[in-house]
Q: 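First the structure, then my questions, so here it is.
When reading the values below, keep in mind they use all heavy atoms of this one structure, side chains included, and skip hydrogens, waters and symmetry mates. Order of the sequence lines fixes the chain letters, A, B, ..., with proteins taken first and strands second; residue numbering starts at 1 for each chain.
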Number of protein chains: 2
Amino acid sequence: MPTAGAGSLGHRVPDLGALELLLAVARLGSLGGAARELGITQPAASSRIRSMERQLGVALVDRSPRGSRLTDAGALVTDWARRIVEAAEAFDVGAQALRDRRDSRLRVAASMTIAEYLLPGWLLALRAQRPDTAVSLHAGNSTVVAERLLSDEADLGFVEGLSVPTGLDSVVIAHDRLIVVTAPGHPWARRRRPLAAGELASTPLILREKGSGTRQVLDAALGGLARPLIELSSTTAVKAAAVSGAGPSVLSELAVGEELAMRRLVSVPVEGVALARDLRAVWPTGHRPTGPARDLLSLTRG
Amino acid sequence: MPTAGAGSLGHRVPDLGALELLLAVARLGSLGGAARELGITQPAASSRIRSMERQLGVALVDRSPRGSRLTDAGALVTDWARRIVEAAEAFDVGAQALRDRRDSRLRVAASMTIAEYLLPGWLLALRAQRPDTAVSLHAGNSTVVAERLLSDEADLGFVEGLSVPTGLDSVVIAHDRLIVVTAPGHPWARRRRPLAAGELASTPLILREKGSGTRQVLDAALGGLARPLIELSSTTAVKAAAVSGAGPSVLSELAVGEELAMRRLVSVPVEGVALARDLRAVWPTGHRPTGPARDLLSLTRG
DNA sequence: TGGCGACATAAGCTGGGTTTATGAGCAGGA
DNA sequence: TCCTGCTCATAAACCCAGCTTATGTCGCCA
């Protein structure tokens, strides 16, 4: 379920190059300087910023013969732009790792949730530390991760299941919790007293399909009783349905961080249900990670 | 301080139009269908997806004479892409509100932090509820917000200060907390026992310049004692310095949500310091918000 | 076997972004 | 006072990515 207003974003939002340029201008205080940094000419930068201002209908930059500073609106726009660029950086580092390169110095296998939400951040941090470590990424469920590690197709794995596959050593790197969320309008959103397990089990919920990691943990915690209101096949579809007010849902804390911060969803306290699960780094028994794998591992644990 | 690896993102990350197209393909299971939804022709969609695959070096969709499904890598890429597109949607709705349109049905004035982190989400929610409410936005400090409300240039305001400007009624819509953060490598990151106020006051911190809202709250909490290690002029610059390990910093919870989730920063517990502040909606005394202003207000309170 | 739906290919057009080349405003030093 | 160096703006020519229209191929189904 996409947001309402159709009409292609691509025509209303400046492209990534323009946003990067704007950030550079903000940082350097000069169009020409920003141009130099991005390896284009000054007129190109000038024209690009100008056309961005035309597109948005807002003056972004105060030009003077001694440099350029952001207007108030420009500062705000730049902050919003930064969020797009950061998401793009995460995309970039992830996509680069997805290309199978046989010569990669670090081959990672990870479960979907971890690959989706956590890995890009780690890879960015890793690249900051060791810029020339080539990383390759393979995403799959716990079984796939175990296979790749045991057949020496991966150097380090990440899993989120309840148990550790045999033949692997592991260390807990983070604790994920499933949390009950609703749209802000829902009656549960105003609850002060925590929800009892029975109430949760007897209420139809928006859920991932059976077999997903999230669903497994929830079913285990409730004793296989979770009643689906709708079953959807992606975390994002579930989130969208919950945000739109279709009903309560149970989702990984990782998946809903932003929605909670923006109050598009609110968390409902629960008691008497074990909704925590460990996220673990794994490797073949005895083969303690070394080199780049050790670097990445240490990043994930802080 | 930007991330390391220079080399313009714009060339390595598909543009927004392509990402939107990919999301549409994921949702509809068909190139042609996605093309129709975005108002382009089927060959255009086909070629665009193909060139995106060339650019990323990864097969994203499995084409068949009966439709298209995402590959595993495609699913992952799509999830990362979705984060970019969501950031772009927030940008779009914010930018639209920045254009001064005199005929706006709802004129909002907000402080920077709120305009930056919270408002786009609210405006997206509002647009979902009332698609044709034209919103205009003006960002400034508490004084500016008060002026605009009292001179009837704004219908609803949002402030984050310690006190409510005179002449305005208000309601608390959220609680923001300043938190102490460090890069994961810092000694404080491993602390179990909370930091004492004295320790915080005597340690040089990465801070916004004097006069910023964040700094005011911190100085008040510590009794004007905060020692700056560096003073920077934007929240983002402060975050970047903290992430890079330059030292500990004190920042709004709102500003570092993502960094905490990705463990690029970790929060350090503190005791004996009042770092909470209220975020408030404000309006001229007696003029209780009605119409669109009331709608927006109710969104912000859940 | 004809028809339909989905994707691929080919050819031609258009526009946005780029470059090079040049002009114009403001500052600071001889 | 004038030159030099920084800034940004403008103009003309170029190039390529992405679009459209037109057509071809493949598999399914009646």
Q: Is it the case that dA6(C) (base atoms only) and Gln42(B) (side chain only) share a donor and an acceptor within less than 3.5 Å, ignoring hydrogens and angles?
A: no

Q: With a 4.0 Å limit, can you tell me whether Ser46(A) has a side-chain N or O closer than that to the phosphate oxygens OP1/OP2 of dC8(D)?
A: no

Q: Out of dG27(D), dC26(C), dG18(D), which has the shortest distance to the side chain of Ser51(B)?
A: dG18(D)

Q: Taking OP1 and OP2 of dC26(C), is either one under 4.0 Å from a side-chain nitrogen or oxygen of Ser64(A)?
A: no

Q: Please confirm whether the shortest side-chain N or O distance from Arg48(A) to OP1 or OP2 of dG16(C) is below 4.0 Å.
A: no

Q: So what does Asp15(A) hit on the nucleic acid, given a heavy-atom distance under 4.0 Å: a base, only sugar-phosphate, or nothing?
A: sugar-phosphate

Q: Classify Arg54(A) by what it touches in the nucleic acid, base, sugar-phosphate, or nothing, heavy-atom distance under 4.0 Å.
A: nothing

Q: Counting heavy atoms from C-beta on, name the nucleotide in dT20(D), dC26(C), dG18(D) closest to the side chain of Ile40(B).
A: dT20(D)

Q: If the cut-off is 4.0 Å, is Arg63(B) near the phosphate of dA8(C), judged by side-chain N/O to OP1 or OP2?
A: yes

Q: How many whole angstroms separate atom CD1 of Ile49(A) from atom P of dT10(D)?
A: 15 Å

Q: Does Ser30(B) place a side-chain N or O at less than 4.0 Å from the phosphate oxygens OP1/OP2 of dC7(C)?
A: yes

Q: Looking at Arg50(A), I'd like to know whether one of its side-chain N or O atoms comes within less than 4.0 Å of OP1 or OP2 on dG16(C).
A: no

Q: Less than 4.0 angstrom between a side-chain N/O of Thr41(A) and OP1 or OP2 of dT20(C), yes or no?
A: no

Q: Under 4.0 Å from OP1 or OP2 of dG17(C): is there any side-chain N or O of Ser47(A) that close?
A: no

